[in-house]
Every structure is written in C-alpha cells, then in structure tokens.
Protein chains: 2
Amino acid sequence: MGCDSPAPRRYNGVLPPSVDRPPMKDTLSAVNCGNCSVRRLCLPAGLSGEEIDRLEKITGKRRMLRAGEALYRAGDPFTNLFAIRSGSFKSTVIAADGDTQVTHFALPGELLGLDAYSGRMHSSFAEALEDSSVCVLPFAQLEGLAQEVPALQHQIYNIFSEELKKENETLLLLGKRSAETRMAALLMNISSRYSRRGYSATAFVLSMPRTDIANYLGLTAETVSRLLTKFQREKMIAVRGREVEILDLIALSELAGTHCSYEDAGA
Amino acid sequence: MGCDSPAPRRYNGVLPPSVDRPPMKDTLSAVNCGNCSVRRLCLPAGLSGEEIDRLEKITGKRRMLRAGEALYRAGDPFTNLFAIRSGSFKSTVIAADGDTQVTHFALPGELLGLDAYSGRMHSSFAEALEDSSVCVLPFAQLEGLAQEVPALQHQIYNIFSEELKKENETLLLLGKRSAETRMAALLMNISSRYSRRGYSATAFVLSMPRTDIANYLGLTAETVSRLLTKFQREKMIAVRGREVEILDLIALSELAGTHCSYEDAGA
DNA sequence: GGGGCGGCTTGATGTGCATCAAGAGCCGCC
DNA sequence: GGCGGCTCTTGATGCACATCAAGCCGCCCC
C-alpha cells in the first residue's frame, strides 16, 4: 500500500498473539437480560419488563472467546454490537505505520463496536484479555426496535454520550498528566468500575499485561513497572504480578486528581 | 469544595477570557437547512426534502456568538444540541484541580453538546474561537422526530459514531507520537476539514491561539512555536501569525503518518 | 505618540520518561 | 527435570520536550 514510511516512536507491538487453543465454539444459549448481573449498566437499563422481553428476542445468541481471541478486527463489516457479559477486552487502533494504540479497556455491561456504525465497518480491534463472553446484538434489528421503543433509543443515546464523556476524560489524562498521575488514575478507574459491578474496589486482578497498560497510558512497560513498585513502596498498594490490592484509596485518588468525582472517597 | 489538591503539572490557564464586547443578541431568523452550505456534513445528510422540512421546523433559531463567548459551560443543563453554521469553537474539559484540556476544535457542520445527553448536563465547555453562528436544536424535539424518521435516527447514530472514531484517532496521536508528528497531524487534519467544506486545503487561518493548539496536542506553546518555525525552515509551510500556507502537502502528510487516509495525497 | 498588554518567538537550562540492557520469575512443553 | 519463551523488574544512560527567562510585535486605548 506504500504505507511503510515515517517514524513510529517508542513502543513495541501489541497485536493479537493469536492463541493456539482453538476458539470456543459459539453457543446458542438464549440471552436473558432480565437476570443478567450487569443489566443496570447495559442496554436494558430503563426498560420495562415487557420491553426487555422484546430486546431479548433480538439478542439471539452469546459468543464465548478465549483470552487473546479477536472479537472483531478493523475492516470487518459491521453487523453486530457486542455487550460484554463476562471477562474483559481491550480495544486498539492501528496507525498507517503499523503502530498500535490501546484506546479502552472494556468490562462487563459495556458495549463494543459503537464506533463502527458510520461506514458500516469496524475501524478498531477488540480482543479478549481473558476468557470472556458477549451478547451478540444485530444492529439493524436493534435500530428497528429502538424506533418503536423510545426508552431503548434513549438508552442507546445514553451509552453513546457516556462513551464520549469518558473519552474526554481520557484525553485530559493523556494530554497533561504525569506518568504517576496517569497510573494512579487508571487504578482508581478500574477500582471504581469493578466496584459498580459488585466486586471489591480494593482488590482485583488486572486482566491485561503491563505492555497494554503502558500503551494505553502513553508510557512504556518499564515505567509502569517502576510506578507500581513505587506505589507499593509508599504503601498505597500491594502488587503481586497482576494482583493488586489498594491499601490507601484516599492517597491514590488524590494522586490521580479525581477524588472529587469518586463518591465519598474523602468522607 | 475541598478540591484544591494535587499536582497540576505544566500549563497555563486557557479559560474563557470573557470578552468585553457585549454578546450578540439572539436572532430569530429561520434556519434553512436545505440551503445550508454544510448540510452534507450535518444532520440533514441523507434526509429527503420533506424530512428536511420537518427538521427545519424544529431547529427554531440561530444564535450568534462573538469570539471568546461561551456556548455552554460544564454544569449547564442540557436542552439543546448546537450545529455550527459558521465560525469555529473549542471544547474543553476541566480537571478537579482546575487544569484545562482542549479536547476538540469544531468547524461548521459539526455538532456540539453530544456528550451532555447522559446526565442531562454539560460536562464540557464550548467557546467560540471567532465570531460564529450556530443552529439551536432542542434535543427533546429532535429525539421525538428521530423516533418517526428513521433516516434522522440513522444520521444521529452516524454522527455519534463518527465522533467516537475521531476520538480514537486523537488518542492514537496523543498516546504515542512525537511533538513533530502531532503538529503535522493537526495541520493535515485542519487542512482536510477545510477542504471538505469547500475552502482551500493549503491556505487557511488558524482561528485558535498557540496556547490552545499546544494544550490540545499535549505540548507547550513554546514547542508549537518552535515546530512551526522548523516546518517553515524546512519549506513545508509558510506561517505568518495565524495564517498558514502548506507548501508541501506530501511531506507534511508523511510526517503526520496519515497520508494513507488523506485521499490521493500521493497521487 | 506612547504605554500597556497579550500573543508569539527564541534561547538557555533542566528533568521526566524513553531507551537500552540484563537478569529474574513463571509457565507450558518435550 | 530442564529448556525456551513469555512477562515483569531493575539499573544506567540519554534525549525530547518542559520550564524559565527575555525580548518582539501587533493592537487597543489613553
């Protein structure tokens, strides 16, 4: 394509390592939004019981993925949105020179593929960070249903809008913050997202390798490693491989500069 | 609010300087989407003549703003979207510590306020960079119309999705690129956006000061200034204050690393 | 005209994080 | 068990860009 030119700068490829285990086969088990543990965070939020029933009729199946498996790749035709049911994903984009950028880490209840609507083609990659399961949402049908169910349309706008808001915060982080602040902010972010999902806010396992964290934060893996060690030395966290325990939530949130939006962190 | 803590890092306030001229008064002149020069880029894209008529009934009025005037501020209740008719804007978010980040520069045909839908409140600021005019779109009515007009709903999704896609590219830029690459990419980006709007791709006036460019790119004004000087020395551009002329589009696009997506730049 | 101010440029110095390099822990596999 | 390949850590060095500090230019206003 003649696109081999300029200077990447920093970094180290982070492309789908293409796992050797066979992909899990698609299961056709029916989706059950009404009982789903993340329904408050997902499409069904704000829908009546009857509306959720209609939604379930559309979201025909689930798909299981193994760690490292790609949910979609840039260039794939866009037909489905995916709602994460369990596990976690990273989204990445790739520059013309082959350089990769991790743009999100996605957790259960979040939707993947929204950026593919315009152009009818995925422009980013989504890859499972651990064995995961997603609900498959054929967008054409979803769109049709939203036309009839205002609450659903409402929720779709909500999710788009939330997504934009989150990206603004990421820009703030990347644009002007020190490595230390970025790292602290990521830990706080993951903590609060796990917490919303009913997991511990202070003890969790990072599902992604250091290289992905570094890439996401615009740093290097070495710097991430040093920062985690430093935080540990300062008794803010305890780290063992990918296991993290937050020992001093207040200190960490102050470092992150987000304590005001993290409810009652200061109380 | 007890939010006076941590380390800002770098930078220099960029908040609404609050112009001394009185704000322009709102004019009630009817909007005419059908004739608007940016309708291809705006909400009417893909709508039939009759549908555009219905859209016009909703978009009741225009609003004129002077350079430096705020269109909305974080915390304002969300009732309207705004479509830029002429001029340009910057969007910014503000961190808990008061630090500001410019997240976008917006040009005619683009929508402002999309990130405020969820939560019914603006979470960012939009400020006119020059005397500008916008169409006011009461979102409740727009939402109602979209419920009846699939093509409009479609276009709203399109715009949301485009917005997400653009943010991904910005993340790529901020996450891993050198100052030089960022600056070149911004110039190319502005160039192509002006070009889509029927203006020259190679000669334009930057409507924003160096500090805003620097802030947007995660750099300092000094670095921006040095880079522009350097590009000029290397005969890629000519700069005089805010006037920019691109002398070597190819070289600049190669520096930016985006030449593959810039149609026919290599032809 | 001249003084003040904000935006811009240019230079000198400093530093935060990348880069390079080596080694340690962990795991799957032969 | 032990080898090869990961991810992760830790240390030494260097550089890109921030920071600090003048000075310039255009513009408004007295």
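Naming: A, B, ... by sequence-line order, numbering from 1 per chain. Predicted model only: the values in this text are computed from it and were never measured.
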Taking for A/Glu180 and for B/Met208 the nucleotide of DNA chain C with the nearest heavy atom, the one nearer the 5' end belongs to B/Met208
Verdict with reasoning, B/Asn189 to B/Leu173, per side-chain contact (heavy atoms from CB on, under 4.5 Å): CA-CA 12 Å; B/Asn189 179 292; B/Leu173 200 64; over 6 Å; no
When rounded to whole Å, the CG to P distance for the pair A/Leu219 and C/dT19 reads 11 Å
Check: Would the number of heavy atoms belonging to other residues, nucleotides or ligands and lying under 6.0 Å from CZ of B/Arg197 be above 12?
Finding: yes
In terms of heavy-atom contacts, B/Thr223 and B/Ala179 come closest through CG2-CB, 4.1 Å
In terms of heavy-atom contacts, B/Ala184 and B/Leu255 come closest through CB-CB, 3.9 Å
Nearest heavy-atom approach of B/Leu107 to B/Arg193 is CD1-CB, 3.7 Å
Main-chain N/O of B/Glu130 paired with B/Ser132 side-chain donor or acceptor, under 3.5 Å: yes
Query raised in the report: So, A/Glu167 versus A/His104: side-chain donor-acceptor pair below 3.5 Å or not?
Result: yes
Whole-Å distance, A/Met183 CE to D/dC8 P, equals 11 Å
From NZ of A/Lys230 across to P of D/dT10 the rounded distance in Å is 14 Å
*asked:* For a quick check of understanding: with a heavy-atom distance under 4.0 Å over all strands, which category does A/Arg240 fall into, base, sugar-phosphate or nothing?
replied: nothing
Ring-plane angle category for B/Tyr199 and B/Tyr194, please: parallel below 30°, perpendicular beyond 60°, tilted otherwise.
perpendicular
task = Return no unless some side-chain N or O of A/Thr220 is found under 4.0 Å from OP1 or OP2 of C/dA18.
result = yes
Name the pairs: protein N/O against N/O of nucleotides 11-13 of chain D, kept only if under 3.5 Å.
from, atom 1, to, atom 2, distance (Å)
D/dG11, N7, A/Arg226, NH1, 2.7
D/dG11, O6, A/Arg226, NH2, 3.2

Atom CG of A/Leu217 and atom C1' of C/dA18 are separated, to the nearest Å, by 15 Å
Whether B/Ser178 contacts D/dA16 is assessed here as follows: a side-chain N or O lying under 4.0 Å from the phosphate OP1 or OP2. Is that the case?
no
Whole-Å distance, A/Leu227 CG to D/dC8 P, equals 15 Å
When rounded to the nearest 0.5 Å, the distance separating NE2 of A/His122 from CG of A/Leu112 is 9.5 Å
Bend of the helix from C/dG1-D/dC30 to C/dC30-D/dG1 from end-axis comparison, five pairs per end, nearest 10°, comes to 30°
A/Leu228 atom CG is separated from D/dT10 atom C1', nearest whole Å, by 14 Å
Atom NZ of B/Lys176 and atom P of C/dA18 are separated, to the nearest Å, by 11 Å
Here the distance between atom C1' of D/dA18 and atom CZ of B/Arg182, to the nearest Å, is 13 Å
Discussion item. Does D/dC17 have OP1 or OP2 under 4.0 Å away from a side-chain N or O of B/Thr223?
Written reply: no
Taking C/dT10, D/dT7, D/dT9 as options, the one with an atom nearest any side-chain atom of A/Arg242 is D/dT7
